[in-house]
Amino acid sequence: MVLVDHNDFSNIEGYEVRVVRDSKSLRKFYSEINKTRKPGLPVPIVDFSKEMVVLVCLGEQRGKKTVRLSKLEETENEFSIAVEVMDEEQEGELTIQPLYFPFYLYKMPLVDKPITFQKMDK
């Protein structure tokens with residue numbers, strides 16, 4: 001899985017992980033997060049005939065976070081992915097934690113099986 005795009009400010013308020021399998025859905029997500037941006041973030045180019053995208057929105061977070069995706073298990077019926085959410089190292093002590101609404105976009109080879117996600121906080 002390759003990180004394609006990341007930004008600390010989306011307008012998605014809750015935690016959500018989803019699979020995007022077509023360019024129309026990807027453009028729809030970017031039109032949603034670009035409502036408050038001028039100019040908006042460019043939509044990444046993905047070959048959906050060979051690849052799909054995993055979108056991770058963390059919702060409201062205090063302090064910066066990092067997300068790492070890893071394959072947990074693949075069976076005949078299912079593909080499991082671990083979603084690790086980790087705190088980023090901060091330089092110095094912050095008395096006020098800023099609010100972030102980060103999203104992460106990962107590209108991976110096309111999988112025909114249903115995909116499940118397991119969130120793992122660190």
Side-chain angles (χ1 to χ4, degrees):
M1 287 170 246
V2 177
L3 183 64
V4 177
D5 198 7
H6 158 258
N7 195 282
D8 285 329
F9 301 100
S10 70
N11 52 356
I12 311 296
E13 294 185 10
Y15 174 80
E16 149 182 11
V17 180
R18 63 180 143 167
V19 175
V20 179
R21 296 181 184 266
D22 60 81
S23 58
K24 182 180 177 185
S25 300
L26 187 60
R27 282 193 312 273
K28 184 178 177 185
F29 170 74
Y30 271 83
S31 69
E32 181 72 24
I33 64 169
N34 282 334
K35 284 181 181 176
T36 58
R37 288 186 170 89
K38 297 295 180 230
L41 298 174
V43 179
I45 297 171
V46 178
D47 181 357
F48 284 103
S49 65
K50 299 175 188 168
E51 300 168 318
M52 61 186 197
V53 171
V54 176
L55 173 63
V56 181
C57 298
L58 294 184
E60 182 179 310
Q61 299 292 319
R62 293 206 178 273
K64 287 197 171 216
K65 305 287 184 189
T66 300
V67 169
R68 184 178 4 176
L69 299 184
S70 56
K71 179 179 165 182
L72 276 180
E73 182 181 15
E74 183 174 1
T75 65
E76 288 182 24
N77 304 324
E78 188 177 73
F79 191 90
S80 293
I81 296 176
V83 180
E84 288 183 78
V85 179
M86 301 163 290
D87 291 321
E88 274 190 25
E89 294 293 321
Q90 299 289 330
E91 289 186 26
E93 244 183 76
L94 292 177
T95 54
I96 299 173
Q97 290 284 337
L99 282 180
Y100 296 99
F101 296 85
F103 76 90
Y104 299 82
L105 201 64
Y106 287 88
K107 184 166 65 170
M108 64 181 277
L110 198 56
V111 175
D112 290 337
K113 304 170 189 174
I115 297 176
T116 59
F117 299 96
Q118 293 183 8
K119 185 178 180 186
M120 301 178 165
D121 290 314
K122 287 225 171 184

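- Annotation: the span from S10 atom OG to E16 atom CD amounts to 9.0 Å, rounded to 0.5 Å.
- The closest side-chain heavy-atom distance from V53 to V19 is not below 4.5 Å.
- Of the charged side-chain nitrogens involved, none lies within less than 4.0 Å of a carboxylate oxygen, so that D87 and K64 do not count as a salt-bridged pair.
- K113 pairs in a salt bridge (Lys or Arg N to Asp or Glu O under 4.0 Å) with only one of the listed residues (E76, E78, E74), which is E74.
- Side chains of I12 and F29 form a contact here, defined as non-hydrogen atoms less than 4.5 Å apart.
- The minimum heavy-atom distance linking P102 with Y104 is given by the pair CB-CE1, 3.9 Å.
- The CG atom of D5 sits 11.5 Å away from atom NZ of K107, with the distance rounded to the nearest 0.5 Å.
- Hydrophobic clustering of Ile, Leu, Val, Met, Phe, Trp and Tyr side chains at less than 4.5 Å, counting indirect connections, unites F117 with V85.
- Atoms CE and CD, on M108 and E51 in that order, are 10.5 Å from each other to the nearest 0.5 Å.
- Hydrophobic clustering (side-chain heavy atoms under 4.5 Å, transitive across Ile, Leu, Val, Met, Phe, Trp, Tyr) groups I81 together with V17.
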Does the side chain to side chain contact (heavy atoms under 4.5 Å, CB included) test come out yes or no for F101 and E60, once each step is laid out? CA-CA 5 Å; F101 296 85; E60 182 179 310; 3.5 Å; yes

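- T116 contributes atom OG1, which lies 8.5 Å from atom CD of E73 (distance to the nearest 0.5 angstrom).
- How far SG of C57 is from CD of E13: 11.5 Å, rounded to the nearest 0.5 Å.
- Each of V20, V46, L3, L26 was scored for a side chain to side chain contact (heavy atoms under 4.5 Å, CB included) with L105, with one residue passing: L26.
- Inter-residue side-chain proximity for L110 and R21 is flagged as met; some heavy-atom pair is nearer than 4.5 Å.
- Atom CG of residue L58 and atom NZ of residue K119 lie 7.0 Å apart, to the nearest 0.5 angstrom.
- Put simply, the side chain of L41 reaches to within 4.5 Å of the side chain of N7, judged on heavy atoms.
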